[in-house]
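Below: one structure, written as structure tokens.
Along the sequence shown, the residues carry numbers beginning at 1. Values reported hereafter were calculated over all heavy atoms of this structure, with side chains retained and with hydrogens, waters and symmetry mates removed.
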Amino acid sequence: MLQTDVLSTGCYGIDELLQGGLHPGEVTEISGETATGKTQLAFSATLTTICANKNNKVLFIDTVSTFSAERIRTLFLESDRFDHSRCQGMGEEDVMNRIRIAKCFDVYAVMEFIEDLRDHLENKDKDDNVYTNVKLIIIDSFAAIFSPLLGVTQTQGHSLMITLTRILRNLAKEYNIAVLVINAAIASNPNNPISVFSSTKSKPSLGMSWTFMPDVQLYLTHCVENKIENEKNIQQNYVYTNRKEIEVIMKPKICEVHRSRNGQMGKWCIFYMGGNELFTHDDII
């Protein structure tokens with residue numbers, strides 16, 4: 001496999017948890033509670049990958065109609081994170097032209113698309129190949145296409161999940177692509193036994209058969225008051241003033257590593273999310 005630099009998520013603290021970022025050849029999962037920034041983090045990784053190299057492309061497989069071209073444009077044009085790229089002459093059309101969108105609303109459509117993608121990648125010398133230089137594949141969300149198929153007696157759903165994950169990992173390794181999948185959360189009573197915080201009462205969905213399939217599992221939760229007793233300077237409403245002198249209210253979230261094949265489990269970081277900005281806690285104290 002060719003060696004390629006890892007891809008930043010756009011949040012330095014989360015990159016540190018990932019040993020630099022999203023690694024080519026690996027499947028990384030981001031799951032978490034509602035409104036903890038899963039999709040925004042996916043959008044941030046999309047733009048950061050595109051801004052890192054003028055030839056990079058991102059493939060976004062949308063299973064629940066979460067992709068928003070307007071939100072991507074706004075994030076690129078307004079976030080201070082991409083100010084350098086804008087100053088270097090990159091425009092919104094340059095960005096949008098290098099994002100490939102695929103609408104797939106069930107697992108069979110996703111598998112059919114992946115097969116078609118492999119055909120395109122095998123014929124990369126064609127002038128009309130729209131998937132040349134794809135560096136990142138995002139699927140938002142994995143839970144949407146598999147949750148209806150899973151259950152105690154629904155072995156076909158579990159088999160399909162294993163098959164698709166293997167196909168994605170083989171594709172990623174063969175063509176040096178990082179894969180990011182978005183998962184949902186379900187209740188975990190009395191708490192989540194994997195989380196380093198006893199107050200976490202949710203866990204990734206899709207069950208135990210999915211747990212060991214991704215190379216890395218990241219889990220996002222809200223950083224509520226008193227959740228981290230020994231951490232200082234946690235601000236529940238941090239106000240950030242961007243370069244346009246606009247005040248943005250940032251809310252603290254927690255990202256922790258639930259599982260990792262190559263890294264350390266149990267690590268975590270605090271990050272702030274609000275408007276079109278995403279910061280690690282250490283960036284603002």
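No side-chain heavy atom of Thr48 sits under 4.5 Å from any side-chain heavy atom of Leu7. In this structure, the side chains of Leu171 and Leu121 come closer than 4.5 Å at one or more pairs of heavy atoms. In this structure the side chain of Leu17 reaches within 4.5 angstrom of the side chain of Cys255, judged on heavy atoms. Counting only heavy atoms from C-beta outward, the side chains of Leu218 and Val257 approach each other to under 4.5 Å. Residues Phe67 and Phe43 have side chains in contact (heavy-atom distance under 4.5 Å, counting atoms from C-beta outward). Side-chain atoms of Ser195 and Ser202, non-hydrogen and from C-beta on, never get closer than 4.5 Å to each other. Annotation: side chain of Leu220 is not in contact with side chain of Glu33 (no heavy-atom distance under 4.5 Å). Within the 4.5 Å cutoff, side-chain heavy atoms of Met213 are placed close to those of Ile162.
No side-chain N or O of Thr49 forms a donor-acceptor pair with one of Asn56 less than 3.5 Å apart. Side chain to side chain, Thr200 and Asn191 fail the donor-acceptor criterion of an N or O pair below 3.5 Å.
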Audit row: Ile182, Leu41, side-chain contact (heavy atoms from CB on, under 4.5 Å) steps and yes/no: CA-CA 10 Å; Ile182 308 301; Leu41 192 57; over 6 Å; no
Under the side-chain contact (heavy atoms from CB on, under 4.5 Å) rule, what do Arg98 and Val58 come out as? Steps first, then yes or no, please. CA-CA 7 Å; Arg98 288 190 280 132; Val58 174; over 6 Å; no
Does the pair Ser209 and Met161 meet the rule for a side-chain contact (heavy atoms from CB on, under 4.5 Å), with working shown? CA-CA 9 Å; Ser209 60; Met161 187 165 58; 3.2 Å; yes
The test is side-chain contact (heavy atoms from CB on, under 4.5 Å); show your working for Ile139 and Leu168 and say whether it passes. CA-CA 11 Å; Ile139 302 180; Leu168 285 169; 3.7 Å; yes
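Evaluated for a ring pair (Phe, Tyr, Trp, His ring centres under 6.0 Å) with Phe279, the options Tyr272, Phe271, Tyr240 yield exactly one hit, Tyr240.
Within the 3.5 Å criterion, the main-chain N or O of Glu78 finds no donor-acceptor partner in the side chain of Arg81. Checked by atom type and distance alone, the side chain of Ser44 never pairs as donor or acceptor with a backbone atom of Gln40 at under 3.5 Å. The closest donor-acceptor contact from the side chain of Thr28 to the backbone of Leu180 lies at 3.5 Å or more, if one exists at all. At least one donor-acceptor pair closer than 3.5 Å links the side chain of Asn123 to the backbone N or O of Asp119. His23 places a side-chain N or O within donor-acceptor distance of the main-chain N or O of Leu18, the cut-off being under 3.5 Å. Checking side-chain atoms of Gln156 against main-chain N and O of Leu149 turns up no donor-acceptor pair under 3.5 Å. With hydrogens and angles disregarded, no donor-acceptor distance shorter than 3.5 Å links the side chain of Asn189 to the backbone of Lys201. Side-chain atoms of Lys253 come within 3.5 Å of backbone N or O of Ala35 as a donor-acceptor pair. When atom types are taken as modelled, the side chain of Ser79 and the backbone of Asn276 share a donor-acceptor pair closer than 3.5 angstrom.
Counting heavy atoms of neighbouring residues, nucleotides and ligands inside a 6.0 Å radius, atom CD of Glu93 exceeds 12 of them. In Lys38, the NZ atom is crowded: over 12 heavy atoms of neighbouring residues, nucleotides or ligands sit closer than 6.0 Å. Remark: Ile249 CD1 is loosely packed, at most 12 non-hydrogen atoms of other residues, nucleotides or ligands lying under 6.0 Å away.
Legend: salt bridge (Lys or Arg N to Asp or Glu O under 4.0 Å) pairs involving residues 155-169, not counting sequence neighbours, sorted by first then second residue: Arg169-Asp215.
In this structure Glu29 satisfies the side-chain hydrogen bond (donor to acceptor under 3.5 Å, both in side chains) test together with Ser31, Asn183, Trp210, Gln217, sequence neighbours excluded. Among residues two or more places apart in sequence or in another chain, the ring pair (Phe, Tyr, Trp, His ring centres under 6.0 Å) test is passed with His258 by Tyr219. Looking at residues two or more places apart in sequence or on another chain, you find a side-chain hydrogen bond (donor to acceptor under 3.5 Å, both in side chains) between Thr39 and Asp140. Among residues two or more places apart in sequence or in another chain, the salt bridge (Lys or Arg N to Asp or Glu O under 4.0 Å) test is passed with Asp83 by Arg86, Arg243. Residues satisfying the ring pair (Phe, Tyr, Trp, His ring centres under 6.0 Å) test with Phe82, not counting sequence neighbours, are none. With sequence neighbours excluded, the residues satisfying salt bridge (Lys or Arg N to Asp or Glu O under 4.0 Å) with Glu92 are Arg73. For Arg118, the salt bridge (Lys or Arg N to Asp or Glu O under 4.0 Å) partners at least two apart in sequence or on another chain are Glu174. Residues passing the side-chain hydrogen bond (donor to acceptor under 3.5 Å, both in side chains) test with Thr74, sequence neighbours excluded: none. When the salt bridge (Lys or Arg N to Asp or Glu O under 4.0 Å) test is applied to Lys103, the partners found at least two apart in sequence or on another chain are Asp62. Residues that satisfy the side-chain hydrogen bond (donor to acceptor under 3.5 Å, both in side chains) test with Asn262, not counting sequence neighbours, are Glu26. Take Phe146 and apply the ring pair (Phe, Tyr, Trp, His ring centres under 6.0 Å) test, not counting sequence neighbours, and it matches Phe142.
Across all their heavy atoms, Ala143 and Ser205 have their closest contact at CB-OG, 3.7 Å. Counting all heavy atoms, side chain and backbone alike, Gly25 lies closest to Lys173 at O-CG, 3.4 Å. Counting all heavy atoms, side chain and backbone alike, Ile138 lies closest to Ala42 at CD1-O, 3.5 Å. Residues Phe76 and Gly91 approach most closely at CE2-C, 3.8 Å, considering heavy atoms. The minimum heavy-atom distance linking Val130 with Lys57 is given by the pair O-NZ, 3.5 Å. Closest approach of Val134 to Ile177, counting heavy atoms only: O-CG1, 3.4 Å.
We find the OG-CD1 distance between Ser141 and Ile30 to be 12.5 Å, quoted to the nearest 0.5 Å. The distance from the CD1 atom of Ile167 to the CG atom of Leu117 is 11.5 Å, given to the nearest 0.5 Å. Rounding to the nearest 0.5 Å places CD1 of Ile14 at 12.5 Å from NZ of Lys267.
Taking the six-membered ring where tryptophan is involved, the planes of Tyr131 and Phe113 are perpendicular, since the angle between them exceeds 60° and thus also 30°.
A continuous path of ILVMFWY side-chain contacts below 4.5 Å connects Ile145 to Tyr108, so both sit in one hydrophobic cluster. At a threshold of 4.5 Å between side-chain heavy atoms, the hydrophobic network of Ile, Leu, Val, Met, Phe, Trp and Tyr places Leu206 and Val64 in two separate groups. Residues Val95 and Ile101 share a hydrophobic cluster, clusters being chains of Ile/Leu/Val/Met/Phe/Trp/Tyr side chains in contact below 4.5 Å. A continuous path of ILVMFWY side-chain contacts below 4.5 Å connects Leu77 to Ile99, so both sit in one hydrophobic cluster. Linking ILVMFWY side-chain heavy atoms closer than 4.5 Å, directly or via other members, places Met111 and Tyr175 in a single hydrophobic cluster.
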